[in-house]
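Each chain gets a letter, A, B and so on, in the order the sequences are listed, and its residues count up from 1. No experiment lies behind these values; they were computed from the predicted model shown.
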There are 2 protein chains.
Amino acid sequence: MAALNERKKRILQAVVAGYIQTADPVGSRTIARTCRIGLSSATIRNEMADLEEMGYLSQPHTSAGRIPSQKGYRYYVDNLMTPGNLPEEEASAINHSLNINKMREIEQIIINAARVLSYTTSYTSMIMGPQYKKSTFRQMRILPLDEKKGLVVLVTDSGFIKNKVIDLHQSLSPVELQQVVTYLNQKLFGLTIDQVTTSLINELKRDLFRRMEILEQAFILLEESLKEEQQVRVFLGGTTNILNQPEFKNVDKIKRMLALFEQESLLFNILEKNLSAEGVIVQIGSENPVEEIQECTLITAAYKINNKTLGTVGVLGPTRMNYARIIGIVRFLVDKLSDSLS
Amino acid sequence: MAALNERKKRILQAVVAGYIQTADPVGSRTIARTCRIGLSSATIRNEMADLEEMGYLSQPHTSAGRIPSQKGYRYYVDNLMTPGNLPEEEASAINHSLNINKMREIEQIIINAARVLSYTTSYTSMIMGPQYKKSTFRQMRILPLDEKKGLVVLVTDSGFIKNKVIDLHQSLSPVELQQVVTYLNQKLFGLTIDQVTTSLINELKRDLFRRMEILEQAFILLEESLKEEQQVRVFLGGTTNILNQPEFKNVDKIKRMLALFEQESLLFNILEKNLSAEGVIVQIGSENPVEEIQECTLITAAYKINNKTLGTVGVLGPTRMNYARIIGIVRFLVDKLSDSLS
DNA sequence: GTTAGCACTCTAAAGCCATGAGTGCTAACC
DNA sequence: GGTTAGCACTCATGGCTTTAGAGTGCTAAC
């Protein structure tokens with residue numbers, strides 16, 4: 001890629017900055033006036049024509065100003081922009097909303113995070129709930145509720161708690177039940193939920209059958225309670241924020257966007273792709289694998305619980321996005337969220 | 001209210017039916033043609049003028065057909081309409097989606113119900129999750145997780161399970177802890193969560209202090225875990241469905257509507273108002289106390305868990321709604337949901 | 001290499017007209 | 001008296017033209 005000279009950089013920068021602010025194509029005269037570049041509009045016009053030829057800018061129609069192309073945004077993000085520091089008040093708003101009550105459950109913390117993230121960015125936020133199956137088994141209990149029912153409680157190291165009401169097989173006495181539970185706890189301790197496969201369960205089942213001759217039911221519950229929880233939830237915030245952007249003033253686009261927000265599994269896929277990457281990721285327009293958001297930019301970062309990467313935070317806005325600001329916010333929030341959840 | 005003669009009823013019925021179907025104002029000629037009423041358009045025009053004067057119909061502008069007014073819809077719902085029976089396939093779709101897996105948690109069942117409800121109606125559905133505080137305390141357990149943390153599990157009669165991680169005060173030995181828990185279970189059994197007030201808790205606290213001198217922390221947990229859960233969740237389905245209605249083709253309305261959907265507490269208030277009523281309730285336009293939905297109709301009904309009314313199901317659509325059909329669906333779903341959750 | 005000037009392009013908003021659906025009224029009809 | 005045919009009138013809608021304004025590209029002068 002041909003490097004841009006200093007002047008072209010400044011002009012590209014000016015176009016991006018201007019377009020981010022106003023959402024209107026930026027003309028040469030505007031640039032000449034606003035940023036003290038010491039050049040006439042005609043000169044700037046020439047440079048802009050060059051930039052367009054190189055693919056950094058484009059024109060919606062002949063007699064309009066220029067807008068950054070995807071390549072232009074990419075160059076801006078990679079070379080021209082410096083991520084902003086958060087203003088004091090925003091930082092403390094984020095801190096506040098994650099720390100109200102130390103006793104809060106994971107889910108509540110995440111819901112709050114999604115809310116504050118969409119609020120401060122004015123875009124739509126999405127946070128992937130912690131990946132249950134990547135966390136490790138800590139213990140399992142069965143509480144008898146009455147003669148016919150029991151409550152299974154399953155605890156993992158990331159503080160994930162899963163419970164499920166099950167039918168207790170009548171032939172299982174409390175003592176036997178306790179034995180089964182103890183055995184399972186021994187065997188499963190320290191494994192990730194991922195590792196508790198059907199084959200492992202079958203193995204344990206055979207092993208146990210040899211010792212006592214009951215408990216079909218006890219296993220079904222284990223399988224169920226582990227397996228079914230595979231779908232991780234995605235929490236959204238400010239789904240309507242994105243509608244305030246001028247690029248979404250036609251009803252069809254709005255519908256397509258909102259329809260996307262209802263497809264939790266698709267959102268999950270989007271976020272999950274960036275789970276293992278380090279730092280803040282910026283995906284501009286068609287860099288995004290999912291078609292529905294190829295007119296948008298997605299900024300994501302992964303959070304950790306007890307040093308284990310378990311989920312992803314994202315902000316979705318138009319490609320005409322305030323990159324510097326949003327990157328700063330996402331970086332900050334992801335750190336705080338990791339602290340809060342650990 | 002002056003009673004309508006037979007002919008006026010038929011015409012009102014025809015206008016409502018026509019407008020529900022097409023969303024276009026209904027003209028006199030259309031009625032003369034479609035419903036074999038044996039009258040010329042001129043006669044129908046006269047009758048329509050009467051109906052307009054009485055307030056049952058209105059005209060968007062002089063040269064348009066008539067549309068039902070709110071009063072017109074109300075008359076239609078009260079006197080002209082007969083709620084429809086569900087087609088076999090819809091009924092079985094509902095049945096199916098509530099029964100996939102008997103072991104499912106309450107939340108999953110409700111999410112499914114919201115989904116199937118919005119799908120079959122093509123409107124937006126909202127279901128208020130079961131009211132935790134109206135259900136009665138069954139038992140409480142504390143599971144030690146490690147030296148510093150414990151898990152409180154609280155079970156109610158409607159199958160509601162609430163858990164919370166707490167810090168265990170170091171001075172509390174396992175045996176003592178067990179004693180506290182046993183004592184609390186005795187005292188609280190059979191009370192509704194509502195009845196577990198702060199003053200009752202304080203009383204118990206004083207009582208226990210006399211017997212042993214520990215456990216500040218144990219009480220904090222109880223208070224927290226009971227109190228904080230007051231906000232009941234509302235589950236939505238098909239939030240974008242309502243955008244397909246022609247009355248929502250302007251972006252501002254869409255935004256206001258969607259903003260409403262993000263305010264869970266407001267939705268809760270809306271649904272909670274109809275919690276204690278019997279049967280299916282139809283609220284048309286401004287009959288609705290909440291301003292944001294005064295251009296809509298809300299059809300609600302309450303569901304029961306073990307014969308206790310604990311939540312409400314609702315369908316939100318334009319006032320131009322297929323009342324007969326939707327009322328039938330809501331009635332059916334609420335019955336099935338009550339069965340499923342009991 | 002830079003800039004002033006000018007003709008040209010193209011969108012968005014405003015105004016205009018034709019169309020057609022539907023009405024209200026009147027006079028004739030049964 | 002109720003019903004109907006006929007007709008003039010109203011008004012939203014969509015297509016068309018016009019205008020204004022912003023911005024460009026090019027050329028010629030600096």
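For A:K253, the side-chain hydrogen bond (donor to acceptor under 3.5 Å, both in side chains) partners are A:E295, not counting sequence neighbours. The side-chain contact (heavy atoms from CB on, under 4.5 Å) test applied to A:A32 returns A:S41, A:I44, not counting sequence neighbours. For B:N274, the side-chain hydrogen bond (donor to acceptor under 3.5 Å, both in side chains) test picks out B:Q283, B:T300, with sequence neighbours left out. Annotation: side-chain hydrogen bond (donor to acceptor under 3.5 Å, both in side chains) contacts of A:E90 (sequence neighbours excluded): A:R325. In this view, B:Q13 satisfies the side-chain hydrogen bond (donor to acceptor under 3.5 Å, both in side chains) rule with no residue, not counting sequence neighbours.
Formation of a donor-acceptor pair under 3.5 Å by the B:S118 side chain with backbone atoms of B:S125 is not found in this model. Not a single donor-acceptor pair under 3.5 Å links the side chain of A:S58 to the backbone N or O of A:S69.
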query: Pairing of DNA chain D as dot-bracket, 5' to 3': ( ) intra-strand, [ ] crossing, | other strand, . unpaired, with Watson-Crick or G-U pairs under 3.5 Å?
result: ||||||||||||||||||||||||||||||

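B:D24 places its CG atom 13 Å from the P atom of C:dT23, with the value rounded to the nearest Å. Distance CG (B:L57) to P (C:dG22): 15 Å, rounded to an integer number of Å. Between the CD atom of B:Q59 and the P atom of D:dC9 there is a distance of 18 Å, given to the nearest Å. With rounding to whole Å, B:R66 atom CZ is found 12 Å from C:dG22 atom P. Computed from coordinates, the A:D50 CG to C:dG1 P distance equals 12 Å when rounded to whole Å.
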message: Treating primed atoms plus P, OP1 and OP2 as sugar-phosphate and everything else as base, which nucleotides of nucleotides 12-21 of chain D get B, S or - for protein heavy atoms under 4.0 Å?
response: S---------

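Applying the side-chain hydrogen bond (donor to acceptor under 3.5 Å, both in side chains) definition to pairs two or more places apart or across chains, those involving residues 238-252 of chain B are A:E262-B:T239, B:Q245-B:R320, B:E247-B:R320. Pairs engaging residues 19-38 of chain A under the side-chain hydrogen bond (donor to acceptor under 3.5 Å, both in side chains) rule: A:S28-A:R45 [sequence neighbours left out]. Residue pairs meeting the ring-ring contact (aromatic ring centres under 6.0 Å, His included) criterion with at least one member in residues 312-333 of chain A, sequence neighbours excluded, are A:Y73-A:Y323. The side-chain hydrogen bond (donor to acceptor under 3.5 Å, both in side chains) contacts involving residues 285-294 of chain B comprise B:Q70-B:S286, B:R74-B:E287, where partners must be two or more places apart or lie in separate chains.
Using a 4.0 Å cut-off on heavy atoms, the residues of residues 25-48 of chain A that approach DNA chain D are A:G27, A:S28, A:R45, A:M48, listed by number.
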